[in-house]
Peer 1: 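Pasting a structure below so you can have a look.
Quick caveat: nothing in here was measured; it's all calculated off a predicted structure.
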Amino acid sequence: MDHPPPRPLRTVTGELAAEAVRGPVLPHEHLVLDLDRKGDGAAVLDAEHHAAAVTGELSSLRLRFGLSLIVELTCRGMGRDARALARISREAGVPVVAATGWYYEPFHTPEVDTADVDQLAAVLVREIEDGIGATGIRPGVLGEIGSHGDLPAPAEAKVLRAAGRAAQATGLPLATHAQLGRGGLAQLDLLMAEGLPAERICIGHQDLLDDPGVHRELAERGAYVAFDTVGKESYQSDATRLRLLSALVEAGHADRALLSCDISRHGYLRGEGGQGYGHLFEDFLPAFRAAGADEDLIDLLTRRNPLRFLTGADVEEN
(Lines give C-alpha, C1' and ligand atoms only; values in the text may rest on other atoms or scores of the structure.)
Protein backbone atom coordinates (compact mmCIF):
# COMPACT_ATOMS: atom_id res chain seq x y z
CA MET A 1 0.00 0.00 0.00
CA ASP A 2 1.38 3.40 -0.98
CA HIS A 3 1.70 5.96 1.77
CA PRO A 4 1.01 9.64 1.09
CA PRO A 5 4.12 11.83 0.95
CA PRO A 6 5.02 13.83 4.06
CA ARG A 7 3.38 17.22 4.33
CA PRO A 8 5.63 20.11 3.26
CA LEU A 9 7.79 21.77 5.87
CA ARG A 10 6.80 25.35 6.63
CA THR A 11 10.00 27.43 6.67
CA VAL A 12 10.60 31.15 7.10
CA THR A 13 11.22 31.46 3.34
CA GLY A 14 8.32 29.27 2.17
CA GLU A 15 7.27 25.65 1.96
CA LEU A 16 9.90 22.95 1.50
CA ALA A 17 9.32 19.31 0.55
CA ALA A 18 10.57 16.99 3.28
CA GLU A 19 12.07 14.77 0.60
CA ALA A 20 14.33 17.67 -0.40
CA VAL A 21 16.07 17.54 3.00
CA ARG A 22 18.94 15.17 2.22
CA GLY A 23 21.32 16.15 4.99
CA PRO A 24 21.17 16.48 8.78
CA VAL A 25 18.68 18.60 10.71
CA LEU A 26 19.27 20.52 13.95
CA PRO A 27 15.83 20.26 15.63
CA HIS A 28 16.38 22.56 18.63
CA GLU A 29 18.42 25.70 18.07
CA HIS A 30 18.24 29.46 18.52
CA LEU A 31 19.55 31.94 15.97
CA VAL A 32 18.09 35.15 17.42
CA LEU A 33 16.87 35.47 21.02
CA ASP A 34 16.96 37.57 24.16
CA LEU A 35 16.69 35.83 27.52
CA ASP A 36 18.61 38.54 29.38
CA ARG A 37 17.17 38.86 32.90
CA LYS A 38 20.39 39.90 34.65
CA GLY A 39 21.22 42.88 32.45
CA ASP A 40 24.62 41.49 31.50
CA GLY A 41 23.71 40.67 27.89
CA ALA A 42 25.02 37.10 28.16
CA ALA A 43 21.83 35.20 27.33
CA VAL A 44 21.42 36.94 23.99
CA LEU A 45 21.86 36.20 20.29
CA ASP A 46 21.38 39.70 18.94
CA ALA A 47 20.56 39.90 15.23
CA GLU A 48 22.38 43.20 14.82
CA HIS A 49 25.64 42.10 16.41
CA HIS A 50 25.75 38.34 15.88
CA ALA A 51 23.89 37.56 12.67
CA ALA A 52 27.14 37.47 10.69
CA ALA A 53 28.68 34.95 13.10
CA VAL A 54 25.52 32.83 13.14
CA THR A 55 25.19 32.97 9.36
CA GLY A 56 28.84 32.11 8.89
CA GLU A 57 28.60 29.05 11.13
CA LEU A 58 25.47 27.74 9.41
CA SER A 59 26.89 28.32 5.94
CA SER A 60 30.07 26.45 6.89
CA LEU A 61 28.07 23.53 8.31
CA ARG A 62 26.01 23.37 5.12
CA LEU A 63 29.18 23.08 3.06
CA ARG A 64 31.06 20.71 5.38
CA PHE A 65 28.32 18.44 6.71
CA GLY A 66 25.35 19.06 4.43
CA LEU A 67 23.30 20.82 7.13
CA SER A 68 19.87 21.00 5.53
CA LEU A 69 17.41 22.39 8.11
CA ILE A 70 17.29 24.28 11.42
CA VAL A 71 14.28 24.19 13.75
CA GLU A 72 14.48 27.51 15.60
CA LEU A 73 12.53 27.26 18.86
CA THR A 74 12.58 30.89 19.98
CA CYS A 75 8.96 31.73 20.76
CA ARG A 76 6.87 34.51 22.32
CA GLY A 77 8.67 36.33 25.14
CA MET A 78 12.10 35.07 24.08
CA GLY A 79 13.10 37.87 21.69
CA ARG A 80 11.82 36.14 18.56
CA ASP A 81 12.51 38.01 15.28
CA ALA A 82 10.98 36.34 12.23
CA ARG A 83 12.47 38.80 9.74
CA ALA A 84 15.96 38.19 11.10
CA LEU A 85 15.41 34.44 10.79
CA ALA A 86 14.44 34.84 7.15
CA ARG A 87 17.51 36.97 6.49
CA ILE A 88 19.84 34.48 8.19
CA SER A 89 18.23 31.59 6.33
CA ARG A 90 18.67 33.22 2.95
CA GLU A 91 22.25 34.32 3.60
CA ALA A 92 23.35 30.96 5.03
CA GLY A 93 21.49 28.90 2.46
CA VAL A 94 19.92 26.78 5.21
CA PRO A 95 16.11 26.51 5.57
CA VAL A 96 14.77 27.52 9.00
CA VAL A 97 11.50 26.57 10.72
CA ALA A 98 10.13 29.22 13.11
CA ALA A 99 8.14 28.56 16.28
CA THR A 100 5.29 29.89 18.35
CA GLY A 101 4.20 29.31 21.93
CA TRP A 102 5.39 30.34 25.37
CA TYR A 103 8.56 29.41 27.23
CA TYR A 104 8.58 28.65 30.95
CA GLU A 105 6.99 31.00 33.48
CA PRO A 106 9.66 33.71 34.01
CA PHE A 107 9.39 34.56 30.30
CA HIS A 108 5.62 34.54 29.89
CA THR A 109 4.09 37.52 28.12
CA PRO A 110 1.23 39.44 29.80
CA GLU A 111 -1.64 37.68 28.03
CA VAL A 112 -0.80 34.44 29.83
CA ASP A 113 -1.97 36.00 33.11
CA THR A 114 -5.29 37.27 31.79
CA ALA A 115 -6.42 34.78 29.11
CA ASP A 116 -7.85 31.30 29.59
CA VAL A 117 -6.69 28.17 27.81
CA ASP A 118 -9.03 28.56 24.84
CA GLN A 119 -8.08 32.20 24.37
CA LEU A 120 -4.38 31.37 24.46
CA ALA A 121 -4.89 28.52 22.00
CA ALA A 122 -6.68 30.96 19.69
CA VAL A 123 -3.68 33.33 19.84
CA LEU A 124 -1.40 30.52 18.69
CA VAL A 125 -3.74 29.26 15.97
CA ARG A 126 -4.10 32.77 14.61
CA GLU A 127 -0.32 33.20 14.46
CA ILE A 128 0.08 29.79 12.78
CA GLU A 129 -2.55 30.61 10.18
CA ASP A 130 -1.84 34.32 9.58
CA GLY A 131 1.85 34.70 10.38
CA ILE A 132 4.03 36.29 13.04
CA GLY A 133 3.04 39.93 13.44
CA ALA A 134 2.97 41.68 10.08
CA THR A 135 5.69 39.48 8.55
CA GLY A 136 3.43 36.87 6.99
CA ILE A 137 5.98 34.28 8.15
CA ARG A 138 4.10 31.32 9.57
CA PRO A 139 5.46 29.08 12.32
CA GLY A 140 6.05 25.44 11.49
CA VAL A 141 6.28 24.13 15.06
CA LEU A 142 4.99 24.89 18.55
CA GLY A 143 7.85 25.30 20.97
CA GLU A 144 9.70 25.50 23.08
CA ILE A 145 6.72 25.19 25.42
CA GLY A 146 8.21 25.41 28.88
CA SER A 147 7.89 24.23 32.45
CA HIS A 148 10.25 23.81 35.38
CA GLY A 149 10.20 21.33 38.22
CA ASP A 150 8.61 17.91 38.37
CA LEU A 151 5.15 19.41 37.86
CA PRO A 152 4.37 22.51 35.77
CA ALA A 153 3.36 25.65 37.64
CA PRO A 154 -0.31 26.59 37.07
CA ALA A 155 0.57 29.17 34.40
CA GLU A 156 2.84 26.66 32.69
CA ALA A 157 0.12 24.01 32.71
CA LYS A 158 -2.22 26.53 31.10
CA VAL A 159 0.32 27.28 28.38
CA LEU A 160 1.00 23.58 27.75
CA ARG A 161 -2.70 22.88 27.42
CA ALA A 162 -3.20 25.82 25.07
CA ALA A 163 -0.27 24.75 22.91
CA GLY A 164 -1.57 21.19 22.85
CA ARG A 165 -4.95 22.40 21.61
CA ALA A 166 -3.30 24.59 18.97
CA ALA A 167 -1.13 21.70 17.79
CA GLN A 168 -4.15 19.44 17.57
CA ALA A 169 -6.09 22.08 15.62
CA THR A 170 -3.34 22.89 13.12
CA GLY A 171 -1.47 19.61 12.73
CA LEU A 172 1.84 21.11 13.81
CA PRO A 173 4.21 19.21 16.13
CA LEU A 174 5.07 20.45 19.61
CA ALA A 175 8.48 20.61 21.33
CA THR A 176 8.85 21.29 25.04
CA HIS A 177 11.38 22.85 27.36
CA ALA A 178 11.72 20.64 30.45
CA GLN A 179 13.99 22.68 32.71
CA LEU A 180 17.11 20.60 33.45
CA GLY A 181 15.25 17.62 32.01
CA ARG A 182 12.70 17.44 34.81
CA GLY A 183 8.94 17.12 34.45
CA GLY A 184 8.85 15.51 31.02
CA LEU A 185 6.35 12.81 31.95
CA ALA A 186 4.01 15.42 33.46
CA GLN A 187 4.30 17.49 30.27
CA LEU A 188 3.42 14.46 28.17
CA ASP A 189 0.41 13.67 30.38
CA LEU A 190 -0.94 17.21 30.02
CA LEU A 191 -0.46 17.35 26.27
CA MET A 192 -1.97 13.94 25.62
CA ALA A 193 -4.95 14.86 27.82
CA GLU A 194 -5.64 17.62 25.27
CA GLY A 195 -5.87 14.99 22.53
CA LEU A 196 -2.41 15.47 21.05
CA PRO A 197 -0.86 12.14 20.01
CA ALA A 198 2.46 11.32 21.64
CA GLU A 199 4.17 10.99 18.26
CA ARG A 200 3.55 14.70 17.66
CA ILE A 201 5.36 15.62 20.89
CA CYS A 202 9.07 16.05 21.63
CA ILE A 203 10.09 16.30 25.29
CA GLY A 204 13.07 18.60 25.61
CA HIS A 205 16.43 18.55 27.40
CA GLN A 206 16.32 14.90 28.39
CA ASP A 207 20.10 14.66 28.09
CA LEU A 208 20.23 16.75 31.27
CA LEU A 209 18.30 14.05 33.17
CA ASP A 210 20.42 11.03 34.05
CA ASP A 211 17.46 8.66 34.19
CA PRO A 212 17.30 6.09 31.36
CA GLY A 213 14.03 4.75 32.79
CA VAL A 214 12.26 8.05 32.14
CA HIS A 215 13.70 8.18 28.63
CA ARG A 216 12.43 4.66 27.91
CA GLU A 217 8.98 5.46 29.27
CA LEU A 218 8.67 8.58 27.13
CA ALA A 219 9.74 6.63 24.05
CA GLU A 220 7.52 3.63 24.84
CA ARG A 221 4.55 5.98 25.03
CA GLY A 222 5.48 7.29 21.57
CA ALA A 223 7.03 10.69 22.31
CA TYR A 224 10.34 11.94 20.96
CA VAL A 225 13.17 12.21 23.49
CA ALA A 226 15.40 15.23 22.88
CA PHE A 227 19.11 15.04 23.58
CA ASP A 228 19.30 18.67 22.59
CA THR A 229 21.94 20.36 24.72
CA VAL A 230 24.90 18.47 23.23
CA GLY A 231 28.14 20.26 24.05
CA LYS A 232 26.85 22.18 27.08
CA GLU A 233 29.43 20.61 29.34
CA SER A 234 28.71 22.97 32.24
CA TYR A 235 25.29 21.30 32.55
CA GLN A 236 26.18 17.71 31.65
CA SER A 237 29.17 15.92 30.19
CA ASP A 238 28.97 14.64 26.63
CA ALA A 239 30.22 11.31 27.99
CA THR A 240 27.02 11.06 30.04
CA ARG A 241 24.94 12.13 27.03
CA LEU A 242 26.58 9.42 24.96
CA ARG A 243 25.85 6.81 27.63
CA LEU A 244 22.20 7.88 27.89
CA LEU A 245 21.71 7.96 24.12
CA SER A 246 23.33 4.54 23.74
CA ALA A 247 21.01 3.15 26.42
CA LEU A 248 17.94 4.46 24.61
CA VAL A 249 19.14 3.03 21.30
CA GLU A 250 19.96 -0.33 22.88
CA ALA A 251 16.46 -0.41 24.40
CA GLY A 252 15.06 -0.34 20.86
CA HIS A 253 14.06 3.31 20.69
CA ALA A 254 16.49 4.77 18.17
CA ASP A 255 13.50 6.08 16.20
CA ARG A 256 12.46 8.34 19.09
CA ALA A 257 15.70 10.27 19.75
CA LEU A 258 16.48 13.78 18.48
CA LEU A 259 19.90 15.46 18.70
CA SER A 260 20.76 19.17 18.78
CA CYS A 261 22.96 21.74 20.55
CA ASP A 262 20.51 24.44 21.78
CA ILE A 263 22.84 27.38 21.16
CA SER A 264 21.21 30.03 23.35
CA ARG A 265 23.77 32.77 24.03
CA HIS A 266 26.47 34.46 22.00
CA GLY A 267 29.22 32.94 24.16
CA TYR A 268 28.32 29.54 22.72
CA LEU A 269 29.17 30.68 19.18
CA ARG A 270 32.36 29.22 17.73
CA GLY A 271 33.68 32.70 16.90
CA GLU A 272 33.44 33.67 20.59
CA GLY A 273 35.18 30.58 21.87
CA GLY A 274 32.12 28.39 22.32
CA GLN A 275 31.25 24.97 20.96
CA GLY A 276 29.11 26.35 18.14
CA TYR A 277 26.24 24.83 16.19
CA GLY A 278 28.67 22.31 14.68
CA HIS A 279 29.65 20.57 17.92
CA LEU A 280 27.20 17.76 17.21
CA PHE A 281 28.87 16.98 13.88
CA GLU A 282 32.47 17.77 14.79
CA ASP A 283 32.74 16.11 18.19
CA PHE A 284 29.71 14.22 19.47
CA LEU A 285 28.84 12.12 16.41
CA PRO A 286 32.46 11.06 15.83
CA ALA A 287 32.49 9.79 19.43
CA PHE A 288 29.19 7.98 18.79
CA ARG A 289 30.65 6.38 15.65
CA ALA A 290 33.69 5.31 17.63
CA ALA A 291 31.30 3.64 20.08
CA GLY A 292 29.81 1.60 17.23
CA ALA A 293 27.11 3.72 15.57
CA ASP A 294 26.84 3.14 11.81
CA GLU A 295 25.85 5.66 9.15
CA ASP A 296 22.26 4.42 8.89
CA LEU A 297 21.78 5.06 12.61
CA ILE A 298 23.36 8.51 12.26
CA ASP A 299 21.00 9.31 9.37
CA LEU A 300 18.03 8.09 11.41
CA LEU A 301 18.93 10.25 14.39
CA THR A 302 19.93 13.40 12.52
CA ARG A 303 17.56 13.42 9.52
CA ARG A 304 14.75 10.89 9.41
CA ASN A 305 13.65 11.28 13.03
CA PRO A 306 13.38 15.10 12.99
CA LEU A 307 11.60 15.01 9.63
CA ARG A 308 9.13 12.43 10.94
CA PHE A 309 8.56 14.59 14.03
CA LEU A 310 7.93 17.67 11.90
CA THR A 311 5.72 16.06 9.25
CA GLY A 312 4.14 13.08 10.96
CA ALA A 313 5.33 10.76 8.17
CA ASP A 314 8.41 8.70 7.36
CA VAL A 315 10.91 9.85 4.76
CA GLU A 316 13.10 7.55 2.72
CA GLU A 317 16.53 6.45 3.81
CA ASN A 318 19.55 8.12 2.24
Side-chain angles (χ1 to χ4, degrees), residues 6-12 16 18 20-31 33 57-58 61-62 65-75 78 85 88-89 92 94-101 103 139-146 163 167 172-178 181 184 187 198-208 215 218-219 222-232 241 245 248 253-264 268 276-281 284-285 288 297-315:
R7 72 184 72 186
L9 300 163
R10 185 185 291 178
T11 81
V12 296
L16 174 70
V21 178
R22 304 306 301 171
V25 177
L26 288 172
H28 185 137
E29 297 299 338
H30 302 280
L31 308 181
L33 90 168
E57 283 198 34
L58 301 187
L61 295 174
R62 174 177 57 81
F65 298 101
L67 178 64
S68 295
L69 186 69
I70 297 273
V71 182
E72 213 278 0
L73 289 182
T74 305
C75 59
M78 296 176 72
L85 294 183
I88 291 168
S89 177
V94 179
V96 173
V97 174
T100 189
Y103 194 33
V141 63
L142 288 125
E144 55 181 300
I145 313 303
L172 292 189
L174 189 154
T176 76
H177 165 91
Q187 290 181 339
E199 61 267 20
R200 306 301 289 143
I201 300 166
C202 172
I203 302 298
H205 307 326
Q206 290 307 289
D207 52 335
L208 301 180
H215 301 160
L218 290 169
Y224 289 88
V225 182
F227 291 76
D228 55 9
T229 66
V230 174
K232 290 187 173 182
R241 290 185 177 93
L245 176 61
L248 189 64
H253 300 300
D255 63 340
R256 294 293 108 181
L258 299 179
L259 306 178
S260 211
C261 297
D262 188 24
I263 299 301
S264 55
Y268 290 144
Y277 298 97
H279 178 83
L280 177 68
F281 309 117
F284 188 80
L285 290 179
F288 195 35
L297 177 57
I298 298 295
D299 182 65
L300 177 68
L301 294 171
T302 63
R303 187 181 68 92
R304 285 156 25 221
N305 282 355
L307 289 176
R308 190 187 327 106
F309 166 64
L310 289 168
T311 67
D314 283 312
V315 296

Peer 1: I'd like to check Leu174 versus Arg200 (side-chain heavy atoms, cut-off strictly below 4.5 Å). Are they in contact?
Peer 2: no
Peer 1: Side-chain contact, heavy-atom cut-off 4.5 Å: Leu172 with Val141?
Peer 2: no
Peer 1: Going by atom types only, do His30 and Thr74 share a side-chain donor-acceptor pair under 3.5 Å?
Peer 2: yes
Peer 1: Where is the tightest heavy-atom contact between Ala18 and Val315, given as atom of each residue plus distance?
Peer 2: CB-CG1, 4.0 Å
Peer 1: Any side-chain heavy atom of Leu280 within less than 4.5 Å of one from Phe65?
Peer 2: no
Peer 1: Using a 4.5 Å cut-off on heavy atoms from C-beta on, say whether the side chain of Leu245 contacts that of Phe284.
Peer 2: yes
Peer 1: Should Arg304 and Asp299 count as an ion pair when the cut-off is N to O under 4.0 Å?
Peer 2: yes
Peer 1: Would you call Leu31 and Tyr277 a side-chain contact if the rule is heavy atoms closer than 4.5 Å?
Peer 2: yes
Peer 1: Quick check: do Ser264 and Lys232 have side-chain heavy atoms less than 4.5 Å from each other?
Peer 2: yes
Peer 1: For the residue pair His215 and Phe227, is the inter-centroid distance of their aromatic rings smaller than 6.0 Å?
Peer 2: yes
Peer 1: Parallel, tilted or perpendicular, judged at 30° and 60°: which one describes the rings of Phe309 and Tyr224?
Peer 2: perpendicular
Peer 1: Once you round to the nearest 0.5 Å, how far does CG of Leu33 lie from SG of Cys75?
Peer 2: 10.0 Å
Peer 1: Shortest non-hydrogen contact from Ala257 to Leu301?
Peer 2: CB-CD2, 3.7 Å
Peer 1: Pick out which of Leu258, Val230, Leu67 makes a side chain to side chain contact (heavy atoms under 4.5 Å, CB included) with Leu26.
Peer 2: Leu67
Peer 1: On a heavy-atom basis, which atom in Val12 and which in Ser89 lie closest, and how many Å separate them?
Peer 2: CG2-CB, 3.9 Å
Peer 1: Give the intermediate values and the outcome of side chain to side chain contact (heavy atoms under 4.5 Å, CB included) for residues Arg241 and Gln206.
Peer 2: CA-CA 9 Å; Arg241 290 185 177 93; Gln206 290 307 289; over 6 Å; no
Peer 1: If we ignore hydrogens and angles and just use 3.5 Å, is the side chain of Arg308 paired with the main-chain N or O of Asp255 as donor and acceptor?
Peer 2: yes
Peer 1: With side chains defined as the heavy atoms from C-beta onward, is the minimum distance between Pro24 and Arg303 less than 4.5 Å?
Peer 2: no
Peer 1: Taking Val97 as the fixed residue, which of Leu69, Val25, Leu73 is the one that meets the side chain to side chain contact (heavy atoms under 4.5 Å, CB included) rule?
Peer 2: Leu69
Peer 1: Say you draw a straight line from CG of Leu248 to CZ of Arg256; how long is it, rounded to the nearest 0.5 Å?
Peer 2: 10.5 Å
Peer 1: A side-chain contact here means heavy atoms from C-beta on lying under 4.5 Å apart; do Glu57 and Ile263 qualify?
Peer 2: no
Peer 1: Got a second to check how far Ile201's CD1 is from Ile145's CD1, nearest 0.5 Å?
Peer 2: 11.5 Å
Peer 1: Please name the pair of heavy atoms, one in Ala254 and one in Asn305, separated by the smallest distance, quoted to 0.1 Å.
Peer 2: O-ND2, 2.8 Å
Peer 1: Tell me yes or no: between the side chains of Thr229 and Asp207, is some donor less than 3.5 Å from an acceptor?
Peer 2: yes
Peer 1: Sequence neighbours excluded, which residues qualify as side-chain hydrogen bond (donor to acceptor under 3.5 Å, both in side chains) partners of Arg22?
Peer 2: Glu316, Asn318
Peer 1: Roughly how far, to the nearest 0.5 Å, is the CD atom of Glu29 from the CD1 atom of Ile70?
Peer 2: 5.5 Å
Peer 1: Can you check side chain to side chain contact (heavy atoms under 4.5 Å, CB included) on Val96 and Ile88, steps first, answer last?
Peer 2: CA-CA 9 Å; Val96 173; Ile88 291 168; 5.6 Å; no
Peer 1: Would you say the side-chain atoms of Asp228 pair up with the backbone N or O of Asp262, donor to acceptor, closer than 3.5 Å?
Peer 2: no
Peer 1: Hey, does the side chain of Glu199 reach the backbone of Gly222 with a donor-acceptor pair shorter than 3.5 angstrom?
Peer 2: no
Peer 1: Restricting to non-hydrogen atoms, name the atom on Thr100 and the atom on Pro139 that form the minimum distance, rounded to 0.1 Å.
Peer 2: CB-CG, 3.8 Å
Peer 1: Shortest non-hydrogen contact from Gly143 to Ala99?
Peer 2: O-CB, 3.3 Å
Peer 1: Can you tell me if Ser68 uses its side chain to pair, donor with acceptor, with the backbone of Gly23 under 3.5 Å?
Peer 2: yes
